[in-house]
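These numbers come from the heavy atoms of this one structure, side chains and all, not from hydrogens, waters or symmetry mates.
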Amino acid sequence: MLSFPDFKYKQLIVHFSGGKKERLRFRVDNIIIEDPDGKILLQHSCHRLFALFIIGEISLTSVIIQKSSEFGFPIILMKNNLRVIARINSSAEGNTLLREKQYSASTRKIEIAKALISQKRDNQIALLSSLRNKSEADKFAIKELQAINLSDAIDTYSLMGLEGLSSRIFFNAYFRPLSWVRREPRCKRDPVNLLLDIGYTYLFNFIDAMLSLYGFDLYCGVHHTFFYHRKSLVCDLVEPFRCIIDHRIRKAHNLGQINESDFEFEKDHFSLPWKNQKKYTRLFLKDILEHKERIFRFCQQYYRWFIREKSIEEFPQFKIS
C-alpha cells in the first residue's frame, strides 16, 4: 500500500484531449500523449503519477492498461461534459479481511454515517462562520445548523432527512449572493448547480482513487446504501470534503472568476462549452490538490480505524481551515 511519503511525491495529471485522434502510449517508464503527427503533448514519469484524468477522446492500447496496473495509478476517461466513461485502476482487491469486515459491519454503519455527516455539517458551519460581513440571515443559519441534533437519527433514513435539512439551510445562506434558488443535482438549472456537479465529480474521483489503494468494496456504503453500479462508499467518504468545492465556488464568485458568458443555456439547462472547461477545472483541482495530503491521511486513518474496529471517539477528522 502507498505510504504517505510516497504519496507526497506523486502527482495528479489532467489532460484535455483536443479531439485530434490523440494517442496515449508508454515509453521507458513514462506515459506519453501524442497528436496524430507524433508531436508529444504530455510526458510524465509513471513513478510519479497518482492518477491520470483524460477528458475527451483518445486512443490507448492494452500496454497502457498493463502499465497502469504495474505502477498502480488509475486512468479515468471522461467525456467532454465530464461524465466518466471508464475507470482503469489498480486496486488492492485481494484484501479479503477488509471486505469481510465491511459486509459484517451492519451494527456500526449508523455510527459511522453520523460521524461523516456531522463533519459535513460542522464544515458547513465553519464556512458560514468564516464570512467577514455576516448578515442576520447568515447568523440565523449558523444557529439553525448548530441546533440540528444528528444523534437523534435512529437509522440512515432519518439521518438523510437531517442531512437534507442541514444542506438546504447552508446552501440558502452561503450561496445567497449568487442568486441561489435551490440545490438540484444533475439538473443544471443554473451555473452554480452546474459548477457544484463538476467540482463534486472531480472530488469524487480523487477520493475513489484514494480508497482503491486499500481494497475497499467501493459499492458497500455505510450511509448511502446498496444501489446498482453506485459506489456508495465513495459517496459516503466525500461528504466531509464537499466544503472544499463549496468554498471554491463562493471564492471564485467574489473574485469575479465566474462569468455567465462562459456558459450556454439550451433546453432548460446550462452547459459549459469545451473551450471554457479548462478554466474551471484548474480552479477546482487547485483547491483539491491543496488538500490532497489531508485527504490522503483521512482515507489512510479511516482504513486503519475500520480494520482495527476502533471506537467512534477515534474516528478520523477533517476540518476545513
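Using a 4.0 Å cut-off between charged side-chain N and carboxylate O, Asp268 and Arg189 make no salt bridge. With respect to Asp197 and Arg183, a salt bridge is recorded, a charged nitrogen being found less than 4.0 Å from a carboxylate O. A salt bridge is absent between Lys251 and Asp287; no separation between the charged side-chain nitrogens and carboxylate oxygens falls under 4.0 Å.
For the residue pair Asp217 and Tyr103, a side-chain donor N or O sits within less than 3.5 Å of a side-chain acceptor on the partner. A donor-acceptor contact closer than 3.5 angstrom is absent between the side chains of His44 and Asn30. Judged purely by distance below 3.5 Å, without hydrogens or angles, the side chains of Ser151 and Asn149 pair a donor atom with an acceptor atom.
Checked against a 6.0 Å centroid threshold, the rings of Phe171 and Phe175 count as neighbours. Centroid-to-centroid, the aromatic rings of Phe265 and Phe270 come within less than 6.0 Å. Between Phe73 and Phe50, the ring center distance fails the sub-6.0 Å criterion.
Put simply, the side chain of Ile258 reaches to within 4.5 Å of the side chain of Phe263, judged on heavy atoms. Contact annotation: the side chain of Lys279 approaches that of Asp262 to within less than 4.5 Å [non-hydrogen atoms, C-beta and beyond]. At least one side-chain heavy atom of Pro177 sits less than 4.5 Å from a side-chain heavy atom of His253. For the pair Tyr174/Ile249, no side-chain contact is recorded, criterion being any heavy-atom separation below 4.5 Å from C-beta on. Side-chain atoms of Ser212 and Arg87, non-hydrogen and from C-beta on, do get closer than 4.5 Å to each other. Side chains of Leu131 and Leu128 form a contact here, defined as non-hydrogen atoms less than 4.5 Å apart. Residues Phe53 and His15 form no side-chain contact, since every pair of their non-hydrogen atoms from C-beta on lies 4.5 Å or further apart.
Tested against Glu111 for a salt bridge (Lys or Arg N to Asp or Glu O under 4.0 Å), the candidates Lys109, Lys114, Arg108 yield a single pass: Arg108.
A cation-pi contact, defined as under 6.0 Å to the ring centre and within 45° of the axis, is absent between Arg230 and Tyr219. In this structure, Arg297 forms no cation-pi arrangement with Trp305, as its terminal cationic atom is not both closer than 6.0 Å to the ring centre and no more than 45° off the ring axis.
Note: Tyr303 and Phe216 have perpendicular aromatic rings, judged against thresholds of 30 and 60 degrees for the angle between ring planes. Ring geometry, Phe296 versus Tyr214: the interplanar angle falls from 30° to 60°, so the pair is classed tilted. Taking the six-membered ring where tryptophan is involved, the planes of Phe7 and Phe206 are tilted, since the angle between them lies from 30° to 60°. In this structure, Phe298 and Phe241 have perpendicular ring planes: the angle between them is above 60°, well past the 30° mark.
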- [ ] Decide yes or no on side chain to side chain donor-acceptor pair (under 3.5 Å) for Asp236 and Tyr302, but give the supporting numbers first.
- [x] CA-CA 12 Å; Asp236 292 336; Tyr302 178 76; over 6 Å; no

